[in-house]
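The next block holds one structure in the form of structure tokens; read it before the comments.
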2 protein chains.
Amino acid sequence: MDINVRQLRSFVVVAKLGSFTQAASALHVSQPTLSVQIRRLEESLGLRLFDRNPRSVALTRMGRELLPALERTLQDLESLLSDARDVASERRGVVRMAALPSFAAGILPDVIGGFRGQNPGASFALKDVIASRVLALIRSEEVDLGLTGGDVSFPDIETLFTARDEMSVVYPESHPIGAQRRITARVLAKYPLVMMDQGTSVRAVTDLAFNRAGLLPAPASEATYMMTAIGMVRAGIGLTILPTSAREIFAEPSLRSRRISDNNFARPVALIKKAHRTLPPLSRLFAEFLQANRRGLFAASRP
Amino acid sequence: MDINVRQLRSFVVVAKLGSFTQAASALHVSQPTLSVQIRRLEESLGLRLFDRNPRSVALTRMGRELLPALERTLQDLESLLSDARDVASERRGVVRMAALPSFAAGILPDVIGGFRGQNPGASFALKDVIASRVLALIRSEEVDLGLTGGDVSFPDIETLFTARDEMSVVYPESHPIGAQRRITARVLAKYPLVMMDQGTSVRAVTDLAFNRAGLLPAPASEATYMMTAIGMVRAGIGLTILPTSAREIFAEPSLRSRRISDNNFARPVALIKKAHRTLPPLSRLFAEFLQANRRGLFAASRP
DNA sequence: TTATATCCATAGAGTTTCTCTATCGCTGCC
DNA sequence: GGCAGCGATAGAGAAACTCTATGGATATAA
């Protein structure tokens, strides 16, 4: 009473070729196997599908009416399964990811480009959102991977790896800070600073770093977006401190930037996923790709 | 490597119910059976479909993406097979048939009505065509059954049963033939006759019957359609001879009809199909229905 | 904290199903 | 009339399936 996909496929092939013997060779089975399969199928349906005459095999009307719809459905099924196998073999797939805007605009486009060079079937759904949204998107499983700042330690979140995103100071070409041998918190505190808004991860790291150095510089101005901060620097309002990985650093040809020589001026970076959840194959591959390249992307890694 | 419909159905049910145990009871199999089925499916695809946590079973993204399309395709397949089983069990189907116009308009509507009373799922595709077209439609398999006149004996045509369609003479109420005790060829030949055109089966039978009686009445007029002949009778041009089964006989209230008491004035009726071809179940059933009722439909049957 | 209950995974046995080779029966062709 | 080709059938061996029994892990309850 149970019907097998192989029986249906056999039916379609016998119908197309009009011969059990030919169909058997096309399907790489013996001819009796096909005879039995078709008989079983006919018994299961209670319908005669072929009229067998010694010199020809002809579809009955029932067979003729069943064939087109069945063939379409079988093709649907097979393309579905073949798609699934493509996904499994990392040939195709969508990497769903959330990242802080600085990463999304900074390092990720190049990384994605490099990854797609090796995996042309990969496509990306990248959401650039603030840190709390990254977590929310991971929790709701709208994305599989998250690239975020800060140390993430929740029972339902798993960290795949961490790295450190060091910060740089951005200043006008003619600014005296360019003459300093090393950029430290103390040096930075001497000058008016354009700071990122409260609530951004950049500001949190910056405040913490100054705090650890016993300093509390007042912002000359504040900005929500890095590009705004860059504009203020160009306008001479002050210097600004941004992650080295941020592309905005290079947006103004008239500005220079230098790495800050203070370990506190670095934000931890974490690639995270939901705990106890299997990553799609291509997402897992991309996570490994990111981890393998993390030394080139961020300043240093700390396991 | 081979994927089974049962595995896919199991996947859908486990996904819907979110539990192996519940799905097992819904599918009437043991829980380990489901575990094995899902594992085999995952191995075949190379994809993890569920994340199993001791307290919950959750679809992976791959599973979630596969589910809707798979479910749709499975439903397609199952409705396809269930349709086929409906056809097999004579619950549903189309009876494709060709019949001479006299039968198509005469006896068949009532027969079909009676048959559909017992088999509400039956629909009919009835073609009313001349005898040579009936044969052609059977040969080309455009129809499965043919109801035609004459003795059909070809190697590729099989006769399911034969019957005799006796003929009647149609005359105006006041016509002297109404006073005759028995209507014979000799009686008929005394009066002007409106005859069906050469080439019609009615004319062939009529000519043969007169011929056998040693008579050769000249037509007072000829008509292609029975209704035309009826009209001529009403106009007083002559009498006409039509199959008793033809509805046209009763079209004119002012006309009377009587069975002709001469075995030669009867055309053989044959229900035919293509030889070596299986009839669709409902068509076979209708053929049996026709055969069972043939005594009520035609004057007499001759095996 | 410990005991318990629940849930899925695994193991092994028995059964069913499948596919193969060998062979038969039938029909058309030379 | 014998031969060739095709599908059906039989029987054996192999593979797959499903079952019961049991294990391992975790959340709930005492």
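So that the names make sense, note that chain A is the first sequence line, chain B the second, and so on, each numbered from 1. For clarity, every value in this text was computed on a predicted model and none was experimentally measured.
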Anything under 3.5 Å between a donor and an acceptor, one on a side chain of residues 283-290 of chain A, the other on a protein residue two or more places apart or in another chain? List them.
from    : atom 1 : to      : atom 2 : distance (Å)
R284(A) : NH1    : E288(A) : OE2    : 2.8
R284(A) : NH2    : E90(A)  : OE2    : 2.8

In a table with atom names and distances, give each donor-acceptor pair under 3.5 Å that connects a side chain of residues 125-134 of chain A to protein atoms at least two apart or in another chain.
none

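- D51(B) places a side-chain N or O within 3.5 Å of a backbone atom of T278(A) that can act as its donor or acceptor partner.
- The side-chain contact (heavy atoms from CB on, under 4.5 Å) search around D83(A) returns R92(A), not counting sequence neighbours.
- One can place CG of N4(A) at 10 Å from C1' of dC18(C), the figure rounded to the nearest angstrom.
- Every residue meeting the salt bridge (charged side-chain N to carboxylate O under 4.0 Å, His left out) condition with E158(A), not counting sequence neighbours, appears here in chain and number order: K273(A).
- In this view, T33(A) and V29(A), S30(A), Q37(A) satisfy the side-chain contact (heavy atoms from CB on, under 4.5 Å) rule, not counting sequence neighbours.
- End-to-end axis angle of the helix from dT1(C)-dA30(D) to dC30(C)-dG1(D), using five pairs per end and rounding to 10°, comes to 20°.
- Annotation: salt bridge (charged side-chain N to carboxylate O under 4.0 Å, His left out) contacts of R116(A) (sequence neighbours excluded): none.
- Between the CG atom of L34(A) and the C1' atom of dC18(C) there is a distance of 13 Å, given to the nearest Å.
- Atoms CZ (R48(A)) and P (dA8(D)) sit 8 Å apart, rounded to a whole Å.
- A donor-acceptor distance shorter than 3.5 angstrom exists from the side chain of R294(A) to the backbone of Q291(A), with no hydrogens or angles considered.
- As a whole-Å value, the separation of E42(B) CD from dC8(C) P is 13 Å.
- Between the CD1 atom of I38(A) and the P atom of dA8(D) there is a distance of 9 Å, rounded to whole Å.
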Scan nucleotides 18-22 of chain D against the protein and return all N/O pairs shorter than 3.5 Å with their distances rounded to 0.1 Å.
from    : atom 1 : to     : atom 2 : distance (Å)
dT18(D) : OP1    : R6(B)  : NH1    : 2.3
dT18(D) : OP2    : Q37(B) : NE2    : 3.2
dC19(D) : OP2    : S30(B) : N      : 2.9
dC19(D) : OP2    : S30(B) : OG     : 3.0
dC19(D) : OP2    : T33(B) : OG1    : 2.5

Let me check something: any side-chain donor-acceptor pairs from residues 11-22 of chain B under 3.5 Å, sequence neighbours excluded? List them with distances.
from   : atom 1 : to     : atom 2 : distance (Å)
K16(B) : NZ     : E71(B) : OE2    : 3.4
S19(B) : OG     : T21(B) : N      : 3.2
S19(B) : OG     : Q22(B) : N      : 3.0

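- OP1 or OP2 of dA8(D) has at least one side-chain nitrogen or oxygen of R52(A) nearer than 4.0 Å.
- For the segment residues 8-24 of chain B, the set of residues with a heavy atom within less than 4.0 Å of an atom of DNA chain C comprises S19(B), F20(B), T21(B), in numerical order.
- The separation between D51(B) atom CG and dC7(C) atom P is 19 Å, rounded to whole Å.
- Sorted by first and then second residue, the salt bridge (Lys or Arg N to Asp or Glu O under 4.0 Å) pairs involving residues 94-103 of chain B (not counting sequence neighbours) are E65(A)-R96(B).
- Residues that satisfy the salt bridge (charged side-chain N to carboxylate O under 4.0 Å, His left out) test with R91(B), not counting sequence neighbours, are D86(B).
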